[in-house]
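Step one of this worksheet: look at the structure below.
In each ligand, atom 1 is the first atom listed, and ligand 1 is the first ligand listed.
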Amino acid sequence: MIEIRELRRDFGGIRALAGVDLRVEAGERRAVIGPNGAGKTTLFNVLTGELPATGGTMRLGGTNLDSLTTWQRARLGLARMYQRNELFNPLSARENVLLSITSLGGAYRPLRSPTSAEVAGAEAVLAQVGLEGRGAVPARALSHGERRQLELALALARRPRVLLLDEPTAGMSPAETQRIAALIAALDRSLTLLIVEHDMDVVFRLADRLTVLHEGRAIAEGTPDEIRSDRQVHDVYLGKVVES
Ligand SMILES: Nc1ncnc2c1ncn2[C@@H]1O[C@H](COP(=O)(O)OP(=O)(O)O)[C@@H](O)[C@H]1O
Ligand SMILES: [Mg+2]
């Protein structure tokens, strides 16, 4: 589903991605872990097209992405839950999801005239992320955890084939973390997930396989058991996480 070869991205003299190879099968749940500055967010930015690559090549479901815009990649089924806030605060949770659904057709339509199928679709997505009964609440009045659930709903509303999650539990309480991890675990198994996450309990619970990024390179890849027992991974990352 995702095939990345020799992907490079420089920022001036900084090699954020120094030749990354990554292959993710359809329906796989892949975690990308590594220290701060390893290049994880840059990998997502280049994959979505928000940042141009300096070199290398990317394919999604066999289609070459290299010359496609962010919008064209989204139309191919690539969606992202942002690490930052993308909600429309004055709008209700349901209206936020409806905007995301109606944008699928290629252009935003006025919120006043959603079809009944679109309203039903919005309610279904809200239920999927644990926000049933919260559709009428303005986004600004939701708790931090609920706002992240709504951000997940916005990504799911686009019916993606591949979903990128950048630190979905960032800033959450332990209870909120458990809740969003359970919601992600319950997503359709046909959806391909690429997850950047610092909470190793969440990572080892969700991921089928892990890729370890270090200084812009994929230095290891394997199952949770293989990665846990990899000495080099301990030296650059896991050892520090466990001790801190
Ligand atoms: N927009 C940018 N401009 C300049 N340098 C950047 C930019 N984005 C990321 N970097 C640099 O690229 C490297 C990788 O960053 P990032 O992808 O954010 O790492 P991670 O998400 O793994 O913490 C870091 O050295 C970071 O400072
Ligand atoms: Mg990051």
Side-chain angles (χ1 to χ4, degrees), residues 2-24 29-58 60 65-66 69-70 73 78-87 144-145 147-148 151-152 154-155 160 162-172 176-177 180-181 184 192-204 206-207 209-222 224 227-228 230 232-244:
I2 302 171
E3 193 173 3
I4 291 172
R5 288 193 191 192
E6 280 296 304
L7 193 64
R8 288 186 290 113
R9 170 68 204 198
D10 299 336
F11 294 107
I14 298 171
R15 289 247 142 118
L17 300 174
V20 171
D21 293 312
L22 184 69
R23 215 188 131 84
V24 182
R29 297 177 171 184
R30 175 72 62 92
V32 178
I33 63 171
N36 277 332
K40 304 178 298 294
T41 297
T42 302
L43 175 65
F44 278 12
N45 288 336
V46 174
L47 188 55
T48 60
E50 285 159 89
L51 282 176
T54 305
T57 185
M58 296 166 280
L60 185 85
L65 300 179
D66 299 339
T69 64
T70 299
R73 296 179 201 203
L78 184 64
R80 174 176 193 175
M81 177 182 166
Y82 284 89
Q83 203 176 6
R84 60 176 162 75
N85 202 314
E86 59 163 345
L87 303 179
H144 177 71
R147 291 173 64 83
R148 308 256 37 217
E151 285 166 346
L152 179 59
L154 297 193
V162 175
L163 178 59
L164 312 183
L165 302 169
D166 195 354
E167 301 196 28
T169 74
M172 286 190 164
E176 289 170 337
T177 296
I180 197 108
I184 294 166
T192 305
L193 291 178
L194 206 52
I195 310 167
V196 167
E197 178 56 49
H198 284 295
D199 185 321
M200 285 303 119
D201 291 337
V202 171
V203 164
F204 284 118
L206 287 177
R209 295 179 70 77
L210 291 87
T211 294
V212 183
L213 271 197
H214 180 56
E215 296 177 351
R217 288 176 201 283
I219 60 158
E221 184 197 312
I227 294 301
R228 263 197 209 96
D230 186 303
Q232 195 191 2
V233 173
H234 266 265
D235 289 348
V236 306
Y237 187 55
L238 283 182
K240 290 164 193 140
V241 175
V242 171
E243 281 153 25
S244 66

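In this structure, the side chains of Lys40 and His198 come closer than 4.5 Å at one or more pairs of heavy atoms. With a 4.5 Å cut-off on side-chain heavy atoms, Val203 and Ile195 do not count as touching. Counting only heavy atoms from C-beta outward, the side chains of Leu22 and Leu7 never approach each other to under 4.5 Å.
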Do any nitrogen or oxygen atoms of ligand 1 lie under 3.5 Å from a protein nitrogen or oxygen, and which ones?
from	atom 1	to	atom 2	distance (Å)
ligand 1	17 (O)	Thr42	N	2.9
ligand 1	17 (O)	Thr42	OG1	2.6
ligand 1	19 (O)	Gly39	N	3.2
ligand 1	21 (O)	Thr41	N	3.0
ligand 1	21 (O)	Thr41	OG1	3.0
ligand 1	22 (O)	Ala38	N	3.2
ligand 1	22 (O)	Gly39	N	3.0
ligand 1	22 (O)	Lys40	N	2.9
ligand 1	22 (O)	Lys40	NZ	2.7
ligand 1	23 (O)	Gly37	N	2.7

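At a cut-off of 2.8 Å, Thr41 coordinates the Mg ion (ligand 2) through an N, O or S atom.
A cation-pi arrangement is present between Arg228 and Phe204, with the terminal nitrogen or guanidinium carbon under 6.0 Å from the aromatic centre and inside a 45° cone about the axis.
Between Asp21 and Arg5 there is no salt bridge, since no side-chain N of the basic residue sits under 4.0 Å from a carboxylate O of the acidic one. Between Arg30 and Glu221 there is a salt bridge, with a side-chain nitrogen of the basic residue lying less than 4.0 Å from a carboxylate oxygen of the acidic one.
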